[in-house]
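Written below as structure tokens is the structure these notes are about.
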Amino acid sequence: MSGRTKLCALIGDPVEHSLSPMMHNAAFKHLNLDFIYLAFRVEKHNLKAAIEGVRALKIHGLNVTKPLKVDVAALLDELDFSARNMGAVNTVLNQNGRLIGYNTDGVGALSAIQEAGVELEELKTVILGAGGASRAVAHSLANKVGELVILNRTISKAERLASELKKLYQSEVRYGGLDSQTVASELSDADLVINATSVGMKPNENASPINPELIRPDMVIFDLVYNPIETLLLRKAKEAGAKTISGLSMLLHQGAASFKIWTGVDAPLDVMRVALKKALGEYP
Ligand code: ATR
């Protein structure tokens with residue numbers, strides 16, 4: 001570190017278990033960039049003060065996580081297209097004192113899907129969940145897939161998201177509940193199923209958001225949960241012969257997109273992937 005070292009920081013609450021510091025510091029080190037990444041726990045009531053601090057200290061970049069992604073948008077000077085549409089920010093660049101908000105979650109999901117060699121056009125896509133993660137993915141897929149269906153335990157949230165997407169992208173989006181009957185009927189002809197609920201996340205790794213018997217070999221199953229890397233849903237999908245995409249891939253690609261925004265340099269994906277796996281204890 002030097003007098004010129006640029007600071008990028010994660011703000012949110014909690015942040016202690018975040019894997020982003022390991023991922024970004026490994027990448028900075030690998031490319032010999034004079035950058036460092038730290039995590040700061042910022043409670044909601046301190047967000048305004050924290051952003052003033054970013055301006056005063058000339059902190060170079062931010063990642064923003066729960067529960068600040070929506071509120072931070074109003075405190076910035078400019079929002080890019082994706083952050084504006086989603087109404088949520090996960091990345092900030094301090095460009096000579098102007099704070100610009102981005103959202104790389106959606107593009108991270110798209111890159112993970114592309115990396116798996118999946119062509120989205122004409123796919124019937126079912127997204128399970130209608131929270132923050134679902135919103136990011138749904139916005140990035142709404143005008144790229146053949147048909148989009150959002151299923152959520154709380155139907156009103158799925159309905160709200162579907163109507164917002166219809167307005168923004170003029171695309172047909174259906175919604176429904178997460179009950180077994182609706183799930184079975186929607187999955188019977190689905191091509192891509194994305195789990196954007198928190199079901200299956202440690203310590204509840206023995207849970208699956210859907211009945212695994214509904215998985216067919218011609219389906220693609222994408223689980224946004226990355227801890228464990230192989231969720232029960234992904235394990236069952238592999239056993240059924242389906243193609244799988246892990247949440248780690250989305251975490252990696254959203255991080256890579258943020259890295260590019262802060263540094264202007266392409267992220268070293270392999271270095272970051274290894275750092276993530278090490279952090280999760282799944283790499284020797
Ligand atoms: P994130 O930012 O990770 O998306 P979130 O915004 O809190 O987190 O959203 C969590 C999602 O997981 C929601 O869709 C939630 O469903 P509700 O809207 O009905 O709360 C879903 N979820 C969480 N626990 C669940 C469970 N046990 N069964 C089904 N859905 C669940």
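When a ligand or atom number is given, it counts from 1 through the structure's own listing order.
- Counting atoms of ligand 1 from 1 in the listed order, those under 4.0 Å from a heavy atom of Gly129 are 14 (O).
- A salt bridge does not link Lys44 to Asp13: none of the charged nitrogens lies less than 4.0 Å from a carboxylate oxygen.
- We find that Asp191 and Lys243 are not joined by a salt bridge, their nearest charged nitrogen and carboxylate oxygen being 4.0 Å or further apart.
- A parallel orientation is assigned to the rings of Phe259 and His24, their planes being inclined by less than 30° (bins at 30° and 60°).
- For ligand 1, the polar-atom distance check finds an N/O of Arg153 within less than 3.5 Å of one of the ligand's N/O atoms.
- Close contacts between ligand 1 and Lys157 involve ligand atoms 17 (P), 18 (O) [criterion: under 4.0 Å to a heavy atom].
- Ranking the protein heavy atoms by distance from atom 8 (O) of ligand 1 puts Lys66 NZ, 3.2 Å first.
- At the top of the distance list for atom 6 (O) of ligand 1, counting protein heavy atoms only, stands Gly132 N, 2.9 Å.
- For atom 10 (C) of ligand 1, the closest non-hydrogen atom of the protein is Ser198 OG, 4.4 Å.
- Enclosure of atom CD in Gln95 is not indicated, since only 12 or fewer non-hydrogen atoms of other residues, nucleotides or ligands lie within 6.0 angstrom.
- The protein heavy-atom contact nearest to atom 17 (P) of ligand 1 is Thr154 OG1, 3.4 Å.
- Looking at Asp189 and Lys124, a side-chain N of the basic residue comes within less than 4.0 Å of a carboxylate O on the acidic one, giving a salt bridge.
- In summary, Glu121 and Lys144 do not engage in a salt bridge, as defined by a charged side-chain N under 4.0 Å from a carboxylate O.
- Looking at atom 4 (O) of ligand 1, its nearest protein heavy atom turns out to be Ala133 N, 2.9 Å.
- By heavy-atom distance, the residue among Leu178, Leu161, Thr197 lying nearest atom 12 (O) of ligand 1 is Thr197.
- The shortest contact between atom 16 (O) of ligand 1 and any protein heavy atom is with Asn152 OD1, 3.3 Å.
- Looking from atom 9 (O) of ligand 1 to the surrounding protein, the closest heavy atom is Gly131 CA, 3.5 Å.
- For Lys202 and Glu230, the salt-bridge test fails: no basic side-chain N is under 4.0 Å from an acidic carboxylate O.
- No side-chain donor-acceptor contact under 3.5 Å links Arg174 to the backbone of Val149.
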